[in-house]
Structure formats: C-alpha cells, structure tokens
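Lettering of chains follows the sequences in order, A, B, ..., and the numbering in each one begins at 1.
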Amino acid sequence: EPEVTQTPSHQVTQMGQEVILRCVPISNHLYFYWYRQILGQKVEFLVSFYNNEISEKSEIFDDQFSVERPDGSNFTLKIRSTKLEDSAMYFCASSRDHSGSGYEQYFGPGTRLTVT
Amino acid sequence: GEDVEQSLFLSVREGDSSVINCTYTDSSSTYLYWYKQEPGAGLQLLTYIFSNMDMKQDQRLTVLLNKKDKHLSLRIADTQTGDSAIYFCAETAFWGNAGNMLTFGGGTRLMVKP
C-alpha cells in the first residue's frame, strides 16, 4: 500500500541553524501539506501546496518557513533560523484531490525536531 | 476561528464497545475525519464522513454525525487491546481548488484493558 514517508525521523539542531525536513508524498497525489504538533498540544496546520505554489498558510508559517518541491517526488519544509519554540513533531500529508472521494489526507510518520 | 474539542481519556474493557466523542464549531465543515495515532507512529486515517450523511459504518467502526449539534462520534465495536491509541477528530471546510486544511481536536487516549 502506498504511503507517505518522511526523513529524518528525528532531527536535533541548535537554535539559529537551518533545517530541512523531507517528505515523499504518495506518487499520484497532487496536494501536499505540512502540519506540526508541539508536545501536549493539538496538531496544527502550517501550509498547503498545489501546482508548485503555496495555496494556503497559517499564521505560524512566517518568513522563517518555506516549502519546495525540488523534483517530482520530494516535498520539503525549510526552517531558516530555528527557535526553541520550533521544537515539535512535523507531519507531512498528501491527498490525491481537493474534493470528492480523493480528498483524504494521508500522513507520514513525522519528523521530531528538537531545537537546543 | 474553528475549534474541535474531544475528551482526553477513555478506558474500556476488551470486548466492550468504545464511543469517542467530538464537538466542532465550524458550521461550514464539509468532511469530518477520525485518525488513529499509535505510540511513535504517524496519523492513520481510519474513516471519514461527509456532512450530508448521518452515519457511516465500516466494519467495527461506526461514525455518527449530528450536524445540528455539531457532534461527531466514533464507535468501535468489540474493542481489542490493539485499538489502544490516541484518536483524533478533524474537520475541514472546502475553500476552492487549493486544497483544504484540517483542524484537529486534541485527541482522546483510548486504553483497552484485557
């Protein structure tokens, strides 16, 4: 069964460093998403991406964040200068469509980012 | 903004039915979802219901939607120890062709006792 994969599973970085979190969405999916879950808090939407551009972003997704689909398979989230409060589990998701029966979002296993 | 709320914890005995409840505030919610998260794992989509439906059954899972009260529930029949996990309710409302963000509840931790 196709699945969303994410690497690395755990990333430790120092405050102020740049990190890139990587995701490989399901191959025939067209819509891509990043969410995060700070420990003990709700899963929060960060950004959605379609047709090589951001389609929606939340207030959390400020200028420190960027997303890219550098090739036909990868989808990345870059945090330019990490802060302590960026420590969280980051989930990538993808969906085949934006409506109807293909809308379901499938999630990867997550990358745990620890900023020290 | 939209809000989704769930109770934190539910404990049941193996073989009993579990009912996990969720309330939401967004009256334009179109799809409502249930995800399962096992320790150390990602979010596994269990089932979803479209807002024009009242009920959806999928093997041991039954989803009930009361749109008037903005209440969603997930019933797991014959609960097994392998069902122990955190269950997240999520909702979305369509806003065009750009894809749709999910708004999640805080998750209900289901513990199944043998």
Subject >> A:Q37 portion near chain B, given a 4.5 angstrom heavy-atom threshold >> reply: side chain
Subject >> Part of A:Y35 lying under 4.5 Å from any heavy atom of chain B >> reply: side chain
[X], [atom1]: over 12 other non-hydrogen atoms inside 6.0 angstrom:
{"X": "A:K57", "atom1": "NZ", "value": "no"}
{"X": "B:R109", "atom1": "CZ", "value": "no"}
{"X": "A:E85", "atom1": "CD", "value": "yes"}
{"X": "B:M111", "atom1": "CE", "value": "no"}
{"X": "B:K113", "atom1": "NZ", "value": "no"}
{"X": "A:L39", "atom1": "CG", "value": "no"}
{"X": "A:D63", "atom1": "CG", "value": "no"}

**OP:** Sort by residue number and list every member of residues 75-87 of chain B having a non-hydrogen atom under 4.5 Å from chain A.
**Re:** none
Original post:
Going by residue number, which parts of residues 58-70 of chain B are within reach of chain A, meaning a heavy-atom gap below 4.5 Å?
Top reply: none
Straight-line distance of [X] [atom1] to [Y] [atom2], nearest 0.5 Å:
{"X": "B:M101", "Y": "A:E44", "atom1": "CE", "atom2": "CD", "result": "10.0 Å"}
{"X": "B:D3", "Y": "A:K42", "atom1": "CG", "atom2": "NZ", "result": "4.0 Å"}
{"X": "A:E104", "Y": "B:L46", "atom1": "CD", "atom2": "CG", "result": "12.5 Å"}

Original post:
Looking at A:N51, A:V43, A:V47, A:I54, which makes the most heavy-atom pairs under 4.5 Å with chain B?
Top reply: A:V43
For residues [X] and [Y]: do they belong to one hydrophobic cluster (side chain heavy atoms under 4.5 Å, members Ile, Leu, Val, Met, Phe, Trp, Tyr)?
{"X": "B:V19", "Y": "B:Y24", "result": "no"}
{"X": "B:V112", "Y": "B:L10", "result": "yes"}
{"X": "A:V12", "Y": "A:I38", "result": "no"}
{"X": "B:L32", "Y": "B:M53", "result": "yes"}
{"X": "A:L77", "Y": "A:M15", "result": "yes"}

Original post:
Step by step, would you call B:L102 with A:F107 a side-chain contact (heavy atoms from CB on, under 4.5 Å)?
Top reply: CA-CA 12 Å; B:L102 295 178; A:F107 282 73; 4.0 Å; yes
Subject >> B:L45 side chain near A:Y106 side chain, heavy-atom distance below 4.5 Å >> reply: yes
**OP:** Check whether B:Q44 gets within reach of chain A through its side chain, its backbone, both or neither, counting any heavy atom under 4.5 Å.
**Re:** neither
**OP:** Mind ranking B:Y35, B:Y33, B:F104 by heavy-atom pairs under 4.5 Å with chain A and telling me who comes out on top?
**Re:** B:F104
